[in-house]
Amino acid sequence: MMDYHLHPNYSIDAEGSIESFCKMAIQGGLQEIAFTTHLDTDSSTDDCFVNVKGRRVSTRSNLWLEEYESEVRTADDTYKDQGLRVRLGVEVDYIPEMDGALPERFYATDFDLILGSTHLIDHIAISASDRAEHAFSRYTAPELGEKYYTLLLEAIETELFDILAHLDLYRRFGQIFYGEEIHEIWKPHLKTIVQAMKKHNVGFEINTSPLRRKQTQPMPEENIVRALKEFGITVVTIGSDAHSPADVGAGIHQASALLKRVGYTHIFHFEARKAIKRPIW
Ligand SMILES: [Zn+2]
Ligand SMILES: [Zn+2]
């Protein structure tokens, strides 16, 4: 069992040390986890920081990355004898102007996995309850779809990412704003997205965080997962997007059941950014 989307307290909106996440993973019977600290890139927002030992450090600085890498590798050494592998990942927020927003050391870091996310539309976080509406009020549902999936396509084409995180993130708060129409906006765009995913070797994750927000569907929702399967996308991971140790592994059984229901038989682990195929548990 895996959980490939975890935010320890390096992320400014998360709590709990790497060690405490690992202990919870072992208690929950997981065999492999990946830490995926946020790397926000839009300097016009207040989010471009990480915490390192109680200090706030710019995401552009090399300081945190060195510390983070060494702490995750130490955790892997410590816990592998107890049956838990710990992978080094990061969740990068894609924006078109992100050149120069990554720390220099980013390219020299031996990540196992890089998640690509699009959290922002017009510099507004659609993942935040207090800000999302501000972005949505500018667009009809189909316009939002056009905007979001154009951004996602650009993100894929950078070839920076292994996995697309929470592919239909706009649904989290968009469902309240737009109603049922929000479930349709991916339809005109998915074929183009899939072609780019195949060309640039990018997979997707089943993100279980909506299941902790009283929603019945993970991200992406089942209809999209089914379409991705039909279009031949094979590389898929599962992640809880936990921001505290208590949520490690949350919803991963529902996610594996969903994957099996739509016909997936395998899941992928990552090591040094190579996708490794394993049967779904
Ligand atoms: Zn995210
Ligand atoms: Zn995340």
Side-chain angles (χ1 to χ4, degrees), residues 2-26 28 30 32-43 45-79 84-95 98 100-120 125 127-128 160-163 165-166 169 205 207-209 212 237 239-250 270-273:
M2 66 161 14
D3 187 341
Y4 256 37
H5 191 149
L6 297 174
H7 295 284
N9 56 8
Y10 279 81
S11 293
I12 52 175
D13 58 350
E15 58 183 48
S17 63
I18 283 177
E19 196 186 347
S20 59
F21 275 75
C22 292
K23 286 182 175 160
M24 281 300 284
I26 289 171
L30 300 185
E32 193 157 326
I33 59 174
F35 287 103
T36 55
T37 284
H38 284 296
L39 205 168
D40 286 292
T41 52
D42 188 345
S43 55
T45 69
D46 298 330
D47 300 325
C48 293
F49 293 95
V50 290
N51 283 323
V52 185
K53 294 177 177 159
R55 267 180 64 211
R56 220 162 221 246
V57 177
S58 162
T59 49
R60 288 174 192 232
S61 150
N62 285 325
L63 281 172
W64 68 273
L65 204 45
E66 204 167 340
E67 182 74 25
Y68 175 60
E69 181 177 13
S70 120
E71 209 184 328
V72 172
R73 295 301 182 206
T74 304
D76 187 43
D77 282 345
T78 308
Y79 294 104
L84 179 73
R85 293 309 306 256
V86 183
R87 302 296 179 202
L88 179 70
V90 67
E91 179 182 7
V92 178
D93 184 37
Y94 172 77
I95 56 163
M98 70 183 243
L102 301 175
E104 250 171 62
R105 201 188 149 82
F106 185 87
Y107 296 99
T109 304
D110 292 326
F111 289 112
D112 291 309
L113 163 83
I114 301 181
L115 300 181
S117 299
T118 49
H119 296 111
L120 301 170
S127 50
L160 188 63
F161 307 118
D162 303 306
I163 289 285
H166 44 59
L169 178 67
E205 67 167 9
N207 182 304
T208 65
S209 66
R212 305 194 294 279
T237 61
S240 66
D241 213 343
H243 283 60
S244 79
D247 288 331
V248 174
F270 281 80
E271 215 176 313
R273 305 197 58 203

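When a residue number appears, it is its place in the shown sequence, counting from 1.
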### Message
Working note: Glu71 + Glu19, criterion side chain to side chain contact (heavy atoms under 4.5 Å, CB included); need CA distance, chi angles, decisive distance, verdict.
### Response
CA-CA 9 Å; Glu71 209 184 328; Glu19 196 186 347; 5.8 Å; no
#### Entry: Trace of the side chain to side chain contact (heavy atoms under 4.5 Å, CB included) decision for Ser11 with Val50
CA-CA 5 Å; Ser11 293; Val50 290; 6.0 Å; no
### Task
Evaluate the side chain to side chain contact (heavy atoms under 4.5 Å, CB included) criterion for residues Arg56 and Asn51: first the C-alpha distance (whole Å), next the side-chain angles of each, then the deciding distance (0.1 Å), finally the verdict.
CA-CA 5 Å; Arg56 220 162 221 246; Asn51 283 323; 4.2 Å; yes
### Task
Could you walk me through whether Asp162 and Leu115 pass side chain to side chain contact (heavy atoms under 4.5 Å, CB included), step by step?
CA-CA 6 Å; Asp162 303 306; Leu115 300 181; over 6 Å; no
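Inter-residue side-chain proximity for Ile114 and Val92 is flagged as met; some heavy-atom pair is nearer than 4.5 Å. Proximity of Phe35 to Leu88: side-chain heavy atoms (C-beta onward) are nowhere separated by under 4.5 Å. Using a 4.5 Å heavy-atom cutoff, the side chains of Pro103 and Leu39 are in contact. Taking the side chain as every heavy atom from C-beta outward, Tyr4 and Thr36 never approach each other to under 4.5 Å. Using a 4.5 Å heavy-atom threshold, the side chains of Val52 and Tyr10 count as touching. Annotation: side chain of Leu30 is in contact with side chain of Val248 (closest heavy-atom distance under 4.5 Å). Counting heavy atoms from C-beta on, the side chains of Leu102 and Leu160 come closer than 4.5 Å.
Remark: the backbone N or O of Phe49 is not paired with any side-chain donor or acceptor of Ser58 at under 3.5 angstrom. Within the 3.5 Å criterion, the main-chain N or O of Ser70 finds a donor-acceptor partner in the side chain of Thr74. In this structure, the side chain of Asn9 does not engage the main chain of Glu15 through any donor-acceptor pair within 3.5 Å. Looking at Tyr68, its side chain never comes within 3.5 Å of a backbone N or O of Leu63 through a donor-acceptor pair. Checked by atom type and distance alone, the side chain of Asp247 never pairs as donor or acceptor with a backbone atom of Ala242 at under 3.5 Å. A side-chain donor-acceptor contact under 3.5 Å links Thr109 to the backbone of Arg105.
No hydrogens or angles considered: nothing links the side chains of Glu205 and Thr237 as a donor-acceptor pair under 3.5 Å. Ser17 and Ser20 form a side-chain donor-acceptor contact under 3.5 Å, judged by distance and modelled atom types alone. Side-chain contact of His38 with Asp93: a donor-acceptor pair under 3.5 Å is absent, judged by distance alone. Side chains of His5 and His166: a donor-acceptor N/O pair is absent below 3.5 angstrom, by distance only.
Annotation: the span from Leu113 atom CG to Glu91 atom CD amounts to 10.0 Å, rounded to 0.5 Å. We find the CG-OG1 distance between Leu120 and Thr41 to be 7.0 Å, quoted to the nearest 0.5 Å. Distance check, rounded to the nearest 0.5 Å: CG of Asp110 to CZ of Arg73 gives 6.5 Å. Here Ile95 contributes atom CD1 and Ser117 contributes atom OG; the two are 13.0 Å apart, rounded to the nearest 0.5 Å. Remark: Asp47 CG to Asp13 CG distance equals 8.0 Å, nearest 0.5 Å. One distance of note links CG of Asp112 with CZ of Arg85; it measures 9.0 Å at 0.5 Å rounding.
The two atoms that bring Thr118 and Leu169 nearest to each other are O-CD2, 3.5 Å, heavy atoms only. Counting all heavy atoms, side chain and backbone alike, Asn62 lies closest to Glu104 at OD1-N, 3.3 Å. Trp64 approaches Val90 most closely through the heavy-atom pair CH2-CG2, 4.5 Å. The two residues Gly100 and Arg60 have their closest heavy-atom pair at O-NH1, 3.3 Å. Contact between Ser240 and Ala250 at its shortest, heavy atoms only, is CB-O, 3.7 Å. What you find for His7 and Phe21 is that their closest heavy atoms are O-CZ, 3.0 Å.
No more than 12 heavy-atom neighbours from other residues, nucleotides or ligands sit within 6.0 angstrom of CG on Asp46. Annotation: Glu69, atom CD; neighbour count of heavy atoms from other residues, nucleotides and ligands within 6.0 Å is above 12.
Between Phe111 and Phe106, the ring centre distance stays below 6.0 Å.
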